[in-house]
Amino acid sequence: MKRVPDIFTRIILSAVVAAGIQNSAAGETFRIRKLFPVTFSEGIQNEQTITTGINDSISVFLPDDMTYIEGIEVKMEIPDGIAAWRDSVACSLYDSITPVPDISQIDYSGVRSFVRPLPNRLSWILQIPLKAQNSIRESPYTTKVDVIPDIKRHFVFIRLQPAMKGIPEEALAAQLKITIKPLLANKGKLHMTPSFPEREKPYTLFIDNKEMQISAAGYLLDTGVHDISVVSEFYRGESRTVRVEQAKTTELAIDLKSVNPTLLITAPDNTVVYLDDVQCDKIGKPFDVSEGEHKVRFLIGDYEVIRTIVIQKGKSYTAALSVDLKITEE
């Protein structure tokens, strides 16, 4: 049996053994009155409330993806009939439960990993960590379990049971209102989808100035605002700011552009355009252009406009000819 946390726990264990319940490191066999199943969904802060007796058990079924769930909170409303009898009812956690919990099953065997008496007050919050690295903190209003349950089979088994003889009928018949919810990590996921002008070429992703390994599965981040940057010798630099929410996935699509410079030429209809003395037919949409100096010439009848542009790598340019008519009155 694992280490017990305090003198009250030792008293409870002694009382349970004295009551005739087999208990050893190899496990124990026991019977319950009823099983209450509770199912958590992936990354959802759902809570469920049930009403149990002191000979009942709860099986919390966990999702396959435990990315966001770091613990379980069990909030009990304790009736007067139990609170008045100090240490009369115990709450335990079990590992290696067989068979798999089911509402039709009342006989089980398992290894008890944690036991604690219900306090002599009207409410109690028990927090069960499911990961060694967690942000759960004990407070005057909560009790943090000091063991990590075995969740390889994706459930946690909680048992309520009388912890002493001579409990009055009122206490034995009492019912507890129990609210169970997942404790979610203060994290969310960023899923970035880049698009490429041609085939994919190497690029580097930075999140909050930290270089990241490219991952199709996404990036687990603290909640809040994050700076995203994409750097590459083949694409233009891109920067974005995103907000990541708790237990949610933020989608970010980035359209990567080639570092080849582009030129967009616009002009009124019937305008003849020359680029470097060669007539240009790529009017109205960007096209790649080489670095260096270029000459753009516009012809509308006898009207001519000539401009020189110095093109640099990784930039986009627009050469727009507009004709305006100005009317004044004196």
Side-chain angles (χ1 to χ4, degrees), residues 38-48 59-75 93 95 113-114 125-139 142-158 179-196 200-257:
V38 173
T39 301
F40 286 169
S41 300
E42 177 184 335
I44 299 177
Q45 186 74 36
N46 58 329
E47 65 178 38
Q48 300 176 48
S59 183
V60 182
F61 292 95
L62 306 168
D64 290 337
D65 187 351
M66 292 287 291
T67 299
Y68 300 122
I69 299 177
E70 64 176 15
I72 298 171
E73 181 177 283
V74 182
K75 181 179 180 181
L93 298 181
D95 291 335
S113 61
F114 170 87
I125 298 177
L126 188 68
Q127 295 185 323
I128 307 169
L130 301 180
K131 299 175 180 178
Q133 299 296 323
N134 62 77
S135 59
I136 302 172
R137 298 289 180 266
E138 191 163 10
S139 74
T142 63
T143 298
K144 180 181 177 181
V145 173
D146 57 356
V147 297
I148 308 295
D150 181 0
I151 58 171
K152 288 193 293 290
R153 293 190 293 164
H154 296 280
F155 67 82
V156 174
F157 193 89
I158 305 168
T179 300
I180 299 178
K181 69 177 182 180
L183 296 172
L184 301 182
N186 196 33
K187 292 183 179 294
K189 186 176 287 187
L190 172 67
H191 183 250
M192 193 193 81
T193 306
S195 59
F196 307 94
E200 181 178 346
K201 296 179 181 178
Y203 66 93
T204 303
L205 173 67
F206 292 89
I207 299 180
D208 298 328
N209 298 317
K210 179 182 178 181
E211 183 176 344
M212 308 295 291
Q213 183 176 355
I214 303 301
S215 171
Y219 308 90
L220 191 64
L221 304 174
D222 292 337
T223 57
V225 176
H226 297 271
D227 295 321
I228 314 300
S229 299
V230 175
V231 177
S232 172
E233 62 177 301
F234 303 101
Y235 305 109
R236 300 185 188 189
E238 299 286 348
S239 297
R240 302 287 189 276
T241 299
V242 298
R243 178 176 291 278
V244 173
E245 298 183 41
Q246 186 183 37
K248 294 183 179 180
T249 297
T250 300
E251 298 288 346
L252 176 63
I254 295 183
D255 183 17
L256 296 176
K257 300 178 179 61

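None of these values were measured; they are calculated from a predicted model. Side chains included, hydrogens not; waters and symmetry mates left out as well; all remaining heavy atoms used.
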Any donor-acceptor N/O pair, Asp227 side chain to Asp208 backbone, under 3.5 Å: no
What one should report as the nearest heavy-atom pair of Tyr68 and Lys189 is OH-CB, 3.2 Å
When Val145, Ile128, Ile151 are each screened for side chain to side chain contact (heavy atoms under 4.5 Å, CB included) with Ile72, the one that passes is Ile128
Where Pro149 and Leu93 come nearest, the two heavy atoms and their spacing: CG-CD1, 4.2 Å
Under 4.5 Å between any side-chain heavy atoms of Asp95 and Val147, yes or no? no
Residues Gly71 and Ile136: closest non-hydrogen pair is CA-CD1, 4.1 Å
Search all heavy atoms of Ser232 against all heavy atoms of Pro202 and return the closest pair with its distance. OG-O, 2.7 Å
When you compare the side chains of Glu70 and Ser135, does any donor N or O come within less than 3.5 Å of an acceptor on the partner? yes
Less than 4.5 Å apart, side chain to side chain, heavy atoms only: is that true for Gln127 and Asn134? no
Salt bridge check, Lys152 against Asp150: does any charged N sit closer than 4.0 Å to a carboxylate O? yes
Holding to side-chain hydrogen bond (donor to acceptor under 3.5 Å, both in side chains), I want the full list of residues that pass it with Arg240, two or more places apart in sequence or in another chain. Glu238
If you measure from CG on Asp65 to OG on Ser41, what distance do you get to the nearest 0.5 Å? 12.0 Å
State, to 0.1 Å, how close Met212 and Tyr219 come at their nearest heavy-atom pair, and which atoms those are. CE-CD2, 3.9 Å
Can you run down the ring-ring contact (aromatic ring centres under 6.0 Å, His included) pairs that involve residues 238-257, sequence neighbours left out, and say none if there aren't any? none
Within 6.0 Å of NZ in Lys257, more than 12 heavy atoms from elsewhere: yes
CD/Glu251 to OG1/Thr193 distance, rounded to the nearest 0.5 angstrom? 5.5 Å
Check whether Lys131 reaches the backbone of Met66 with its side chain - one donor and one acceptor, N or O, closer than 3.5 Å. yes
Gln246 vs Asn186 side-chain heavy atoms within contact, under 4.5 Å: yes
Supply the atom-to-atom distance Ile148 CD1 to Phe114 CZ, rounded to the nearest 0.5 angstrom. 12.0 Å
For the OG atom of Ser139 and the CD1 atom of Ile125, what is their distance to the nearest 0.5 Å? 7.5 Å
Check: Glu73 side chain, Leu126 main-chain N or O, donor-acceptor pair, under 3.5 Å: no
Examine Phe196 together with Phe234 and report whether their ring centres are nearer than 6.0 Å. no
Contact summary for Gly188 and Thr223, nearest pair of heavy atoms: N-CG2, 4.3 Å
A side-chain contact here means heavy atoms from C-beta on lying under 4.5 Å apart; do Arg243 and Thr250 qualify? no
Does some side-chain heavy atom of Tyr203 sit less than 4.5 Å from a side-chain heavy atom of Ile254? no
Rounded to the nearest 0.5 Å, what separation is found between the CG atom of Leu190 and the CD1 atom of Ile207? 5.5 Å
Take Met192 and Val242, measure what side-chain contact (heavy atoms from CB on, under 4.5 Å) needs, and give me the verdict at the end. CA-CA 11 Å; Met192 193 193 81; Val242 298; over 6 Å; no
Heavy-atom check, side chain of Pro63 versus side chain of Ile69, under 4.5 Å: yes
What's the spacing between Lys181 NZ and Glu47 CD if we round to 0.5 Å? 6.0 Å
Exam field: side chain His191 to backbone Ala253, donor-acceptor pair closer than 3.5 Å: no
